[in-house]
Number of protein chains: 2
Amino acid sequence: MQVGLLGHGVVGSGVRRIIDGMSNNKTACLCIKRILVKDEIEMVEERMTRNIDDIILDRDIQLVVECMGGKEPAHTFVKRALENGKNVVTSNKKMLASYGDELFALAHQKGVKLLYEASVGGGIPWMAELRRIRRIDEIESFEGIFNGTTNYILSRMEAEGCEFHEMLAQAQSLGYAERDPSDDIDGYDVAYKTALTCLAAFDCFVDPQDIPVSGIRNITKKDMNYANEHGFSIKLLGKGRKKDGILQCSVMPCFVPKGGTFASVPLNYNAISSVSETLGRAVFTGQGAGSLPTAHAVVQDMLDIATGADIADHSITPCCVDESAEVTCYIRGGSIPFPYVAETVDEDTVITVPLSYAKLKELTDNTRGVMVIEVKK
Amino acid sequence: MQVGLLGHGVVGSGVRRIIDGMSNNKTACLCIKRILVKDEIEMVEERMTRNIDDIILDRDIQLVVECMGGKEPAHTFVKRALENGKNVVTSNKKMLASYGDELFALAHQKGVKLLYEASVGGGIPWMAELRRIRRIDEIESFEGIFNGTTNYILSRMEAEGCEFHEMLAQAQSLGYAERDPSDDIDGYDVAYKTALTCLAAFDCFVDPQDIPVSGIRNITKKDMNYANEHGFSIKLLGKGRKKDGILQCSVMPCFVPKGGTFASVPLNYNAISSVSETLGRAVFTGQGAGSLPTAHAVVQDMLDIATGADIADHSITPCCVDESAEVTCYIRGGSIPFPYVAETVDEDTVITVPLSYAKLKELTDNTRGVMVIEVKK
């Protein structure tokens, strides 16, 4: 199958290396015909182009692989590829979580596949596993460490007893965190991945902006010590649950028991679990990012398309998060107005209260400096 | 697809419940036509029979599912099913690890499938994942906690500071350990699973009797304390590695770092990891036994056959374990003759020495009361 590859950065170049036969010839059924690059300076091979039409209008190309990142022009290019009857594989969580409703409907209408394994959990075969489990079970719930940057920062804060800003700076110097780290540390990256997992697990399209999100920016040694004294680690978890048509999902730091599955997930790894009727709890751990593990996931999708794997085409329903669901929260710092708590919670006061998703969203949207951590009931 | 089910015990009855539509209709492409039971008293449905010919000679039955356990008559029945051109799914590690070379050759010759997901790792989709990874990578190595009984005993010994025999008795009273626990605690169960993983990962057929095996029967509080003082837990691991045609594999208790992936695997769960070139390290955790998780794995294989999933048919090579490979071992107790160590190692002496697989095998075969634990270099 002839392939058009969009983007030749960290993931795209990994895909090229694997398909070109890095160390074996296993993916011989796939051939990259053209590669879309951004700048003149990247044009080092004849098959590289800066004109998207060289891919979209090429009738030999049946599969477009998008590894550009960012909403635009990735969204427009993917849309045009689908409109032209091409299958699409994407690693772009932000684009797909934002335009999934439009793009999946288009793929369905054109009778082509739109796969996105690499967009969530890097090398973890998360989408494939959800598809496989769903051949037998309904997925009841999922939760996981979906972001390596925040896991790195939280793990090191816990191990070394230092403050957030020190560890962020270290993560940035090691290339584990972006120069503008907001998407990671404020939880938006996990919100995209949580939304895409709701799609794959429950056939629900959730707008990531509707998910209650609380990041780790305001976490301090004090919070870490509190966790430690009570036998917990702190991890940023994305979660989802669907029951009787009602969807609950959130992105929040959570207290997880030391010695449990999530507490021991090392540094920049991801770990994701699902619960379903007959399989029970299953946990998948792997590298959440990195050129080759993520490219591996992209190539798995490409092989599924090239070999005509039997992938069920679920119809997708737009879905709202149930805002009345309550979670028990540890709250510290910031000036928190009534009605959340009766009085101001300062740096030195910790309170534990039940909050609805709606109130949690209001609280984190409107209050600076507050740290909110979920306490498991 | 019409199915003949052999055995209606813990796993077989779980398979029947799922296929009969426990709570949904997802497996409607599968229909259990006949069920082979052992005793008259089990004959509670019309489709049940005690005559294997009612299944083997029924031309409508294209798939035989063997959940009987034990070597015979399971081996004879599976062989006859394959000879009669039927696909086979089995959950029987002992039978398959013993007769795999004969049965896979027969399946290949007859052009039918022989799948065995449930035989290793219970509900963990281990075989499916190895198949999937191998579409792109060669598997370099694997290791894992393949046995829930020993993991339960070791976890509880560590948590409660009690002796082996106390915890074995508790595991037996809870139904986690058999009345004759030898297969589990002496490592044979893990040897079967390690042999089957070598088959799935490396296309090597290893006789389980050729694998160096060291169990946990002689473990004491003293060993646990030693591990604890050095920052380790003790876990019984099955391992395999193939490089340049040379196969290393073993079943041994190992010191694993506290806070690492394996140390935190809870009670009767399994956790298995693989390492491969582009995916790196991937870890899969789930229920290693139990009626429904294991039945789930059986039904996944059944669906792969019913839907004609693209499963590569690898040719299998008989393979010997490289007995010259050395592991560093902690040794305590028993009367250990020269040339392993210069003098007798008693209850109170711990030595750490490098041992070849060959010497390790001799040592554990010929020496009573000795405890051998692998120390990671």
Under a 4.5 Å heavy-atom cutoff, which of A:Pro293, A:Gly286, A:Ala263 has the most pairs with chain B?
A:Pro293
Return the option, out of A:Gly280, A:Ala295, A:Pro125, A:Ala297, with the maximum number of heavy-atom pairs under 4.5 Å with chain B.
A:Pro125
With only heavy atoms counted, which part of A:Ile136 is less than 4.5 Å from chain B, the side chain, the backbone, both or neither?
both
B:Leu303 portion near chain A, given a 4.5 angstrom heavy-atom threshold
both
If we define contacts as heavy-atom pairs under 4.5 Å, which of A:Val283, A:Leu292, A:Ile133 has the most with chain B?
A:Val283
Table up the donor-acceptor pairs between chain B and chain A that sit under 3.5 Å, atom names plus distance.
| residue | atom | partner | partner atom | Å |
| --- | --- | --- | --- | --- |
| B:Ser23 | OG | A:Glu277 | OE1 | 2.4 |
| B:Ser23 | OG | A:Glu277 | OE2 | 3.4 |
| B:Asn24 | ND2 | A:Ile136 | O | 3.0 |
| B:Lys26 | NZ | A:Arg134 | O | 2.8 |
| B:Lys26 | NZ | A:Asp137 | O | 3.2 |
| B:Arg132 | O | A:Gln300 | NE2 | 2.8 |
| B:Arg132 | NH1 | A:Asp304 | OD2 | 3.3 |
| B:Arg134 | O | A:Lys26 | NZ | 2.8 |
| B:Arg135 | NE | A:Gln300 | OE1 | 3.0 |
| B:Arg135 | NH1 | A:Asp304 | OD1 | 3.1 |
| B:Arg135 | NH2 | A:Gln300 | O | 3.1 |
| B:Arg135 | NH2 | A:Gln300 | OE1 | 2.8 |
| B:Arg135 | NH2 | A:Asp304 | OD1 | 3.0 |
| B:Ile136 | O | A:Asn24 | ND2 | 3.1 |
| B:Asp137 | O | A:Lys26 | NZ | 3.2 |
| B:Ser264 | OG | A:Ser264 | OG | 2.8 |
| B:Glu277 | OE1 | A:Ser23 | OG | 2.4 |
| B:Glu277 | OE2 | A:Ser23 | OG | 3.4 |
| B:Thr278 | OG1 | A:His296 | ND1 | 2.8 |
| B:Val283 | N | A:Thr285 | O | 2.8 |
| B:Val283 | O | A:Thr285 | N | 2.8 |
| B:Thr285 | N | A:Val283 | O | 2.8 |
| B:Thr285 | O | A:Val283 | N | 2.7 |
| B:His296 | ND1 | A:Thr278 | OG1 | 2.8 |
| B:Gln300 | O | A:Arg135 | NH2 | 3.1 |
| B:Gln300 | OE1 | A:Arg135 | NE | 3.0 |
| B:Gln300 | OE1 | A:Arg135 | NH2 | 2.8 |
| B:Gln300 | NE2 | A:Arg132 | O | 2.8 |
| B:Asp304 | OD1 | A:Arg135 | NH1 | 3.1 |
| B:Asp304 | OD1 | A:Arg135 | NH2 | 3.0 |
| B:Asp304 | OD2 | A:Arg132 | NH1 | 3.3 |

